[in-house]
Amino acid sequence: MDKKILGLHHITAIAGNAQNNYDFYTKVLGLRLVKKTVNFDDPGTYHFYYGDEVGSPGSILTFFPWEGIQKGRVGTGMPTEIGYSVPKGSLEFWKQRLEENKVKHLPISTRLEERFIQLEDPDGLILNLVEPKSTDNRKGWTGAGVKEEYAIKGFHSIVLTVRRLQPTAKILTDVFQYSLLTQEGTRFRFSTDGNETANIVDIVEEPYLQEGVTAAGTNHHVAFRVKDDSILMDVRKKVIAAGLQITEKIDRNYFYSLYFREPNGILFELASDNPGFAIDESVTELGTHLMLPAQYEGSRVKIEQVLPLLKQ
């Protein structure tokens, strides 16, 4: 079982303003900022990681807040909706909280026998708060006055919108060992038995929808979870055997990563559980310091002058 894909590890999206992003995810949704660092390839831009108390795999939503970037366009060839798992009976609390904070949202609805409410973050990123059919015993972070009986537990699912179902589905089933669970219209739900939570991928087939444009309010990539970097390399061999190009192993400080594009153009990452977020901050202090990759530590003063001031 440990050698399987264990579901979702993290999802990375793009924001247009660091402060607005921080305020929404910590003060409205009540998530914990578990790491404040910078983009490996652009150290003048923050990289925020939000999740549960320790940043458990399957709870981590990350952002590159590029200040003033134009708004993106949701479309094919990208992850389009993020599903969060919330406790059963909590959607009325969330509806009221969204209304109080003037968050754009739709009425509570049902999809594939699960109640959910859809909302947008300040940049228009689509989020779904879902009451899952299956049991979810994960403990959410109780921040910003969100009690445990309402707190977001971690990911429920990710939606991939594509023009052609089969090429992406084949990667999920043949390489990642996911199975087709059910179908509703053009939505096909896949799941892995490698984990009981954060284990769902919905593929929505839209042959005539325009292609997405990656910018503010869109998802950059989705990362799938493996136990450690040894298994990471085993999966790499399967990706290559499927005829796809994939990067070498990259050390992201808090996990090891591989990247490849599946046939519909979506950027997939494979990420390891090890070593985790508590390697450079204690659990109690997670997210309270600016943590820089070693190659940028010598430029800390300059980087801090470039980064926008963040009020925490």
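Under 4.0 Å is where a charged nitrogen must lie from a carboxylate oxygen, and between D52 and R138 no such pair does. Ionic pairing of R225 and D273 is present here: one or more N-O contacts between side-chain nitrogen and carboxylate oxygen are shorter than 4.0 angstrom.
Side chain of E281 to backbone of H289: a donor-acceptor contact under 3.5 angstrom is found. Between the side chain of T218 and the backbone N or O of G72, no donor-acceptor pair lies under 3.5 Å. In this structure a side-chain-to-backbone donor-acceptor pair under 3.5 Å is missing from K147 to T142.
The minimum heavy-atom distance between G89 and E131, with the atom names listed, is N-OE2, 2.9 Å. In terms of heavy atoms, T135 sits closest to T197 at O-CG2, 4.4 Å. In plain terms, the two heavy atoms of E81 and R187 that are nearest each other are OE2-NH2, 4.1 Å. Taking both residues in full, the closest heavy atoms of E99 and H105 are given as CG-CE1, 3.4 Å, listed atom of the first, atom of the second, then distance. Closest non-hydrogen pair, E297 versus L292, comes out as OE1-CB, 3.8 Å. In plain terms, the two heavy atoms of S272 and D228 that are nearest each other are CB-C, 3.7 Å.
Both L127 and F63 are part of a single hydrophobic cluster, where members link through side-chain heavy atoms under 4.5 Å apart. Residues I60 and L6 do not share a hydrophobic cluster, clusters being chains of Ile/Leu/Val/Met/Phe/Trp/Tyr side chains in contact below 4.5 Å. The cluster map of Ile, Leu, Val, Met, Phe, Trp and Tyr, joined by side-chain heavy atoms under 4.5 Å apart, puts V159 and Y84 in different clusters. Linking Ile, Leu, Val, Met, Phe, Trp and Tyr whenever their side-chain heavy atoms come within less than 4.5 Å leaves L290 and V34 in two separate clusters. In the hydrophobic cluster analysis, where Ile, Leu, Val, Met, Phe, Trp and Tyr join through side-chain heavy atoms closer than 4.5 angstrom, V222 is grouped together with Y25.
Side-chain contact annotation: E92 with Q96, donor-acceptor N/O pair under 3.5 Å absent. D121 and N21 share no side-chain donor-acceptor pair at under 3.5 Å. For H47 and T62, the side-chain atoms include at least one donor-acceptor pair closer than 3.5 Å. Side chains of N199 and Y178: a donor-acceptor N/O pair is absent below 3.5 angstrom, by distance only. Side-chain atoms of E269 and H10 form a donor-acceptor pair, as typed in the model, at a separation below 3.5 Å. Side-chain atoms of T168 and E262 form a donor-acceptor pair, as typed in the model, at a separation below 3.5 Å.
Aromatic pair F277/Y254: centroids less than 6.0 angstrom apart.
F176 and F224 have tilted rings, their planes meeting at an angle from 30° to 60° on a 0 to 90° scale. The aromatic rings of W66 and F64 lie tilted to each other, with the angle between the two planes from 30° to 60°.
Applying the side chain to side chain contact (heavy atoms under 4.5 Å, CB included) test to Q295 and every residue at least two apart in sequence or in another chain returns F40, P293.
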Using the rule given for side chain to side chain contact (heavy atoms under 4.5 Å, CB included), can you reason through R164 versus N264, listing the C-alpha separation, both sets of side-chain angles and the distance that settles it, and then say yes or no? CA-CA 7 Å; R164 296 180 300 136; N264 275 296; 4.2 Å; yes
Carefully, step by step, assess E184 and R189 under the rule salt bridge (Lys or Arg N to Asp or Glu O under 4.0 Å). CA-CA 8 Å; E184 186 176 273; R189 174 157 291 185; over 6 Å; no
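Residue K95 qualifies as open at atom NZ: its count of foreign heavy atoms under 6.0 Å is 12 or below.
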Result block: side-chain N/O donor-acceptor pairs under 3.5 angstrom for residues 301-312, not counting sequence neighbours:
residue, atom, partner, partner atom, Å
E304, OE2, R300, NH1, 3.1
Q312, OE1, K36, NZ, 2.6
Q312, NE2, G287, O, 3.1

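Between V74 and the choices L209, T161, T80, the side-chain contact (heavy atoms from CB on, under 4.5 Å) rule is met once, by T80.
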